[in-house]
Structures are given as structure tokens and as C-alpha cells.
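Heads up: the structure comes next, in C-alpha cells.
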Protein chains: 2
Amino acid sequence: MAVTIKDVAKLADVSTATVSRVINNDPRISAVTRDRVLKIVDKLNYKVNSIARSLKSNRTFTVGFLAPEIANDFFMTVAQGVENALRERGYNLIICNSNESADEEVERLELLIEKCVDGVIIAPSSGSGAHLRFLQQVGLPTVLVDRLAAGFSSDAVLVDNATGTYKAIHHLLKRGHTHFGFIGGDVSLTPFRERYQGFMHALSEFGIQPDPAHIKFGDYHVDSGYAMMKQLAEHSPAPASVFISNYFMHIGATQYLVEHRSQRSRPIFIASFDDMALSAVAGVPSLTIAQPVLQIGSRAAQLLLERIELRLNHNEPPQPRIERLPTRLVFHDRNNTA
Amino acid sequence: MAVTIKDVAKLADVSTATVSRVINNDPRISAVTRDRVLKIVDKLNYKVNSIARSLKSNRTFTVGFLAPEIANDFFMTVAQGVENALRERGYNLIICNSNESADEEVERLELLIEKCVDGVIIAPSSGSGAHLRFLQQVGLPTVLVDRLAAGFSSDAVLVDNATGTYKAIHHLLKRGHTHFGFIGGDVSLTPFRERYQGFMHALSEFGIQPDPAHIKFGDYHVDSGYAMMKQLAEHSPAPASVFISNYFMHIGATQYLVEHRSQRSRPIFIASFDDMALSAVAGVPSLTIAQPVLQIGSRAAQLLLERIELRLNHNEPPQPRIERLPTRLVFHDRNNTA
DNA sequence: CTGTTAGCGCTTTCAA
DNA sequence: TTGAAAGCGCTAACAG
């Protein structure tokens, strides 16, 4: 059996209360007692049982992070950002996976509630937030990241999807690009919808109506990007430039282009949301819209901790805050065709 | 305040013991009482407090996963495999990050112990396992993945690094490849050491002594792969084929090659350990050695749960088992130069 | 400065 | 089949 506070108390010949005070750095403890206790703590290699502590104190110093995919660089980089910020404040992170399913999302949240996490950060699996509403009942501090959930009002940290896309496309339009294709994700997810809107907005400003055959929507994964780029490239006429709505589809699309490089006289120019590890790899000229991924996570953690502290002190919770972090254009283009 | 077992008991007009039995599916409970209690549970939306439960039962149904990097496709895919297997058995996963540091690794493990996890799965940060030995003292069920730790004997699930590499290089040698370069990782980590050994073994069988200037070691990240490939390619003579010790360096190396494609008359052939999402993307001919990444995770989870169960029943723990899962060769080569 | 004591929410003998 | 009561390891009044 593990060593408990009692064992320490007995050996140090003090009460368990004293031991508790020592390990919690209560100032009103004499130096000698403190030393004696600490010595025993060391000797017995005593570690607090944070389960017991949590049962008393009703806080676990643990935050849940719920992502729709766990083997996904984007969400895990967000998680990394969350963890960085939490660790500074002595909090820990439990990462869970909703598998992009609202049902599993609820399941995982119930689990996290069972485990008495102090708050949760969620990249919601679905554009509708109906299934999340029970969180407000429960009063669990919550921050959304990357995506908003309709009908579920809460703090959120995301990026300027529409504006970022608008600026990229606007830039290309000014440089003379005119024949655009579009590779989109599920528009029931806010980021993909907003990126689509930004894209269309820029085109309409230049009085350009894209060929409907050049507008494609799929899921947001590599294979989907490959398939849609294939459709676009094989369509006649093919678009001269293609906007791709996220990193994974960018990778898939690039894969297609590289494999069929020799078949094209002029390369298709790519603009893509996200700029991550491999955005530069493929050597297809591109303009990318970089998100501050780590900061999304760390900022979300800050907002959450704020809410947790406020709740602890029985203060009024603030109104839901939606923060849009700025994106940044990145040119991957040695021939400066952008 | 959250609703507790007491609230349910009061409303259902039974003792807390009865409620406890109902929610734990104790058979010796009359159907009527069960129904009555369940109805109240629903009405109050009662959820067990697993903190309190764990304090009593001394188990948390939670497993810790400790990875040296959290924003890393490989480790997170392993984590995915772990989670798949755990979920089936009603266990949960806490993912922690050691930042490839032995000190942080110990910190995180102490945290997990504080949280009373039932066991841990570790991809150890360092080839030396000295800092892990305290786990045996504590008696915490442990399984290593991907890497072994010298001086720390425990269950482990990894792949046939040496054999897999050997087979790939052997295959290429038979196809006439002779001038090999090598891009390696930190050989204090067992996978990188073993891959190096497999590489050298294959060459020596063919009586080939690689040019020392063609053997490079770095860290295992994208930038490192880029830098080493640059060195190899700029060296005169450059190797005709290069073995790369993992996915991320493969990506970096490929990035270099694609960027400088036009400068070479004949492309450098790549053989690389790992075959993941983007291995096929770059259009540089390659032969990859695929690991069954998800299975590494799920198998590790199985071994761990076995140990946890045994310990619970006070059975003798089994001898440490080291399982090597087989790798598989994958050809990414439209011109069949491999 | 330190000890006594009650109790966090739950499970589990033991007794009925 | 059910209830009473003890106790998991810790913290926090309260008292001294």
C-alpha cells in the first residue's frame, strides 16, 4: 500500500494536520517541525494522493481537452499550446477524442465531468452546439477553439478565417490571377464556411464569378484533397489557381499535382489555409495563410483559467468572449508568381 | 453544488448503500427498488463522482500515456491506438508530454502517480532508464513503446527496426544500388541505433563500406533531415541512394530534394523508415518501411491491462515481455527504380 | 504554532 | 433484499 499522510504523521510524531500544513506551505509552522516532517516525507518518499485532496477541495487542477481527432497535427499543436500555458499555472491536461462525432463528444464530456475536471477546452465536432448545452447547466467553465457551435454561447478562440482568406485571394487577384478553383471542407463547420465566404467575397469584389464546376467540397482530409484536385485538374478548362481550405487537403492536392507534374505545361498555383510543417515541402508554388496555432491553445487556456478562478471566488462570470487571432500570409514561391 | 448519492437516496427513500448498489449493477436488488432509484437518478441527472469512487476503490480506470512530443503524428497515432483499445475496456487515457527530457518525464510520472492512474505507457525520452527505476518500486504497471530504456526492464512493444531496415537495404542492394548515404537520429535512442545497425549489416553483407562523409546523424526532426540531405547532396560525390531513419527527417530531406530538383540530372533515391500520411506526397522515388503504428498502441494497451488485472487479483506479475511487431516494405516509385 | 475533529462522496462489510 | 456505519486520504474550522 502507498504511504499516506498518517504514516508521515506517526513517524514525525505530529498530527496529520501538521503534515498537511507542511506540504501545503502553510506559513504558520515552525521551522523545526517543518524540517522534521519534510525529512520523513523524503525518507518515506511520500506523495500526496491528489484523489483524496480533490475530494476535499473540489478541484482537480486538471483541464480536459476534447478534439475531434487525436492523430491530427493541427489539434495536437493547439493541445501543445494549451499544455504550455496550463503547466505554468500548475494545471494538467487530459486529452480526449470525440472522433468527430457529437455522441462521442457528449460521452467524453461526461467522463471528464465524472473526473471532476476544473474546465474544458473543446474543438466541437459539429457546427450545431445543441448537444453541448448541458455544459452550461452543469456550470463547467468551457472554451471553444477553432470552431464555433451554433446555439452554444461560450468563450472561443479562433482565427479570422474570412478575412485571412479574403486577403490572400485579394492579393492574388491584384497580381492578375483570375481563374480560381476552390477546394472546401464541410461548411457546417464554421472555419470552412467562413473561408468559403472570404473566398467568394474577394472574387465578387473583382466582379469575378467562378465556374461552378471549379467549386468543390469534401471532408477535410488528405485523400479528399487529392480527389478534389484530381477533379479540378481533369476538368476542361482547369482552373489556373486553386484555393484549398486547410492543411490536410493542401497536402493531398499537392500530392496529386506532384504526381502529375509532367502532364501540365503551366503549374496550377495554390493558395491554402494553414501553414504547417509540410506546407513548404512539395515545391508547388503556393501562398498560405498561417494560423498562430500554439497561441490559439495558450490563449484558450488563459481564458479558461480566468473563468475557473472567478468561479472559485464566486464572482460573476464574464460575458462570453470570442477572440479572433490574426492570420499571416506566407509565400512559398521561388519564382514569385504570386 | 453537484447532485450526490445522498440526494438520490433521500428522494428515492432508500439508503445510499442501495443507490450505490443500483448504479453498480449489484444483482441482489429488487426490480422495483432498482426502477425507483434509476428514475430518480435520471430525474436529478445524477452522475457518480469518480473521484470519490476512486478514493474508496483505489482504482481510477485511467491510464497515463507519456510521449516525448505531443504535436507528433507518430506518437499521437500510437496514442490513438492505445485509446481505441482502452475505450473498449472502459478505461480512459491521460496524455502527457515529457518534452524529450528525462527530468520532465519524472515530473509527469509523479503527476500521474498522484492522480492514481492504474498504469502508464511510456515512450521514454532517453535511452537510459535509470530515472524510470522508481516505477518498479512504486509497483506501477508500465509498458514502454517505440523505445527501450537500458537498465529498466519492463514490457515493451516496438518494431523490428534492425530487420526492417536490413530488408529494405538488402532489397535495394540486390537491385543494384551501391552508393548509399545514411541520415540517422540520436543513436542513444534504441530505434535509431537499431536502424543504423540494420543498415550497416546489409551493406557489409555485400562487402560495401559506405563513405564516412555519407553517414550523418542529427535529431529526428524535419529541419535536421533537410540539413543533412543538403550536406549529402552538396558533397562530391553525392550518394545515389540515401537511407533516412524516420518520417520527419524523410519529409525534411524530401523538401530539400524537391526544391533543388532541377539541379540534379538523376534523382537521389530514398529509402526511409516509417510510412505515414505524407510519405508518398513528394514525388521523390522512395521505398519506405511501414510500422503498424496503431497496433503498437493497442498492443501496448493490452499488455498493460493484463498487468493491471493481475495486480488487482494479487497474482504474480509475468516476466517482462518485449514484443517486436513486423514492419512492411512500401514502394513509392512509379518508375520502378527500386 | 499545533492538535482535534468533522466530513468531502462513495463503497462495503456486517447485521437485520 | 436493504440499512447502518465505518473508512478511503486529505483539508480546514475551531480550539488551545
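Each chain gets a letter, A, B and so on, in the order the sequences are listed, and its residues count up from 1. Predicted model only: the values in this text are computed from it and were never measured.
For D:dG3, one of the phosphate oxygens OP1 or OP2 lies less than 4.0 angstrom from a side-chain nitrogen or oxygen of B:Thr18. Between B:Thr4 and C:dG9 there is no side-chain N or O to OP1 or OP2 distance below 4.0 Å. Between B:Arg28 and the phosphate of D:dT1, there is no side-chain N or O to OP1/OP2 separation shorter than 4.0 Å. OP1 or OP2 of D:dC8 sits under 4.0 Å from a side-chain N or O of A:Lys6. OP1 or OP2 of D:dT2 sits under 4.0 Å from a side-chain N or O of B:Thr33.
In this structure, B:Ser57 reaches neither bases nor backbone, as no heavy-atom distance under 4.0 Å exists between it and the strands shown. Using a 4.0 Å heavy-atom distance criterion, A:Val14 is classed as a sugar-phosphate-only contact. Backbone-only contact: B:Ser30 has heavy atoms under 4.0 Å from sugar-phosphate atoms and none from a base. A:Ser50 comes within 4.0 angstrom of nothing in the nucleic acid, heavy atoms only. Residue B:Ile29 is classed as a sugar-phosphate contact, given heavy-atom separations below 4.0 Å to backbone atoms only.
B:Asp186 and B:Ser188 form a side-chain donor-acceptor contact under 3.5 Å, judged by distance and modelled atom types alone. One side chain, B:Arg299 or B:Gln302, offers a donor N or O that lies under 3.5 Å from an acceptor on the other.
A salt bridge links B:Arg87 with A:Glu104: the closest approach of a Lys/Arg side-chain nitrogen to an acidic carboxylate oxygen falls below 4.0 angstrom. Salt-bridge annotation for A:Arg321 and A:Glu306: present, with a side-chain N of the basic residue lying under 4.0 Å from a carboxylate O of the acidic one.
Here the P atom of nucleotide D:dC14 and the CZ atom of A:Arg21 are 13 Å apart, to the nearest Å. Rounded to an integer number of Å, the gap from A:Lys10 NZ to D:dC10 P is 13 Å. Taking atom NZ of A:Lys56 as the reference point, atom C1' of D:dT11 lies 5 Å away to the nearest angstrom. Here C:dG7 presents its C1' atom at 14 Å from CG of B:Asn49, a figure rounded to the nearest Å.
Between B:Ser20 and A:Asp26, the one whose closest nucleotide on DNA chain C sits nearer the 5' end is A:Asp26. Nearest-nucleotide positions on DNA chain C for A:Ala52 and B:Asn24 put A:Ala52 closer to the 5' end.
Seen from the ring of B:Phe61, B:Arg59 counts as a face-on cation partner, given the 6.0 Å and 45° thresholds.
Taking 3.5 Å as the limit, the base of C:dT2 and the side chain of A:Arg34 contain no donor-acceptor pair of atoms between them.
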N/O donor to acceptor pairs below 3.5 angstrom from side-chain atoms of residues 310-317 of chain A, sequence neighbours left out:
from	atom 1	to	atom 2	distance (Å)
A:Arg311	NH1	A:Gly139	O	2.7
A:Asn313	ND2	A:Glu309	O	3.3

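One N or O on the side chain of B:Asp7 and one on the backbone of B:Thr4 form a donor-acceptor pair closer than 3.5 Å.
In the helix from C:dC1-D:dG16 to C:dA16-D:dT1, the end axes, each obtained as the rotation axis mapping the C1' atoms of four pairs onto the next four within a five-pair block, lie 40° apart to the nearest 10 degrees.
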